[in-house]
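Report on the structure given below.
We use all heavy atoms of the structure for the numbers below, so side chains are in, but hydrogens, waters and symmetry mates are not. Everything numeric here is computed off the predicted structure, so don't read it as measured data. Atoms within each ligand, like the ligands themselves, are counted from 1 in listed order.
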Amino acid sequence: MIEIVSGHAAIDRYLAGGYSRVRGMSSRFAAAICGHVIRRQTELGITGDVAEIGTFEGRFFIAMALGLAEGERALGIDLFSWPNAGVHDRLLGHCASAGLARERFTTWKGDTRSLPPDGLRGQLALDPVRFIHIDGEHSHECLSHDLELAHQALHPSGVIALDDMLHPGYPTLIVAVLDYLKRHPEMVVVCIIDREDISAAAKFLLCRAEVAGLYEQDLMSSFAPFHYIVGGDVMDRLTLILTPEPKMADIGWND
Ligand SMILES: C[S@@+](CC[C@H](N)C(=O)[O-])C[C@H]1O[C@@H](n2cnc3c(N)ncnc32)[C@H](O)[C@@H]1O
């Protein structure tokens, strides 16, 4: 596979080194693309906080947080009880090893379902969130709730990343996303990031339709070697697909 990078020096150092040593479920492929999006937001003057629901030991969280600009902060939300109570200490250790200063991030231990829909801005006092990764409980009820939390906190030009989309282990989870898109027709899936394998699964990137142009063409050209040119149809919208090894089915095109 061609080496993929975000173009952000600190994120790429972490992706090349510590990333695979931090236990977790997000792919390096997706982390590089999301790191690129965070870098691009900074270049475009889109400022705000970043957040993750389902931080676990910090694999993906650290990549996001290393992309922050001065004065921004990262919030990691988790029950921090699974698979045992040591998970929060391991997260702190991984952040320190990756050079993520303690004042750049906070954590919140709790069940997202206990937060009201405006809880990220209200109770947890975040600034508008420019990038949020949702990777908590994979039930229809919880993802629907987490999407509303993210929606209410989102910067107008911000991005919501959803993990484990179209994962064979969660075959109906997509219904919660489609329901959300019906409730919020101003939102679109701007990019589908394909899986690396069954445990490092696909992610969807969502944003407001009016700002999709800030991301779509840039992702397509920046990650041209990974562009699956046929794209995908999400609710009648042709959607960009990036995949680790793009190839077309061999149906004898040249015969
Ligand atoms: C798959 S792991 C996250 C992996 C991590 N994002 C990564 O990329 O390595 C899912 C996490 O979601 C947390 N979680 C599950 N349900 C939750 C809820 N209702 N509220 C907060 N966190 C939750 C679990 O404790 C677990 O640590």
- Item | Any pair counted as ring pair (Phe, Tyr, Trp, His ring centres under 6.0 Å), so long as it reaches residues 185-219, sequence neighbours left out |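 For residues 185-219, and leaving out neighbouring residues, there are no ring pair (Phe, Tyr, Trp, His ring centres under 6.0 Å) pairs at all.
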- Electrostatic pair Arg73-Glu103, nearest N-O below 4.0 angstrom: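 Answer for the salt bridge query: no.
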- Hey, are Arg130 and Asp49 close enough for a salt bridge, meaning a charged N less than 4.0 Å from a carboxylate O?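 A salt bridge is absent here (no side-chain N lies under 4.0 Å from a carboxylate O).
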- Flag this pair as yes if the NZ/CZ of Lys203 is under 6.0 angstrom from the six-membered ring centre of Phe29 and inside a 45 degree cone about the axis; otherwise no.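 No, Lys203 does not lie over the aromatic ring of Phe29.
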- Query: Cation over ring, Arg23 on Phe56, under 6.0 Å and within 45°?
  - Reply: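 No, Arg23 does not sit over the ring of Phe56.
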- Message: As a test of reading the model: which residues have a non-hydrogen atom less than 4.0 Å away from ligand 1?
- Response: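 The answer is Gly24, Met25, Ser26, Glu52, Gly54, Phe56, Arg59, Phe60, Asp78, Leu79, Trp82, Gly110, Asp111, Thr112, Arg113, Asp135, Gly136, Glu137, Cys142, counting any residue whose heavy atom sits under 4.0 Å from ligand 1.
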- Item | His36 ring center within less than 6.0 Å of His8 ring center |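 So the answer is no for these two rings.
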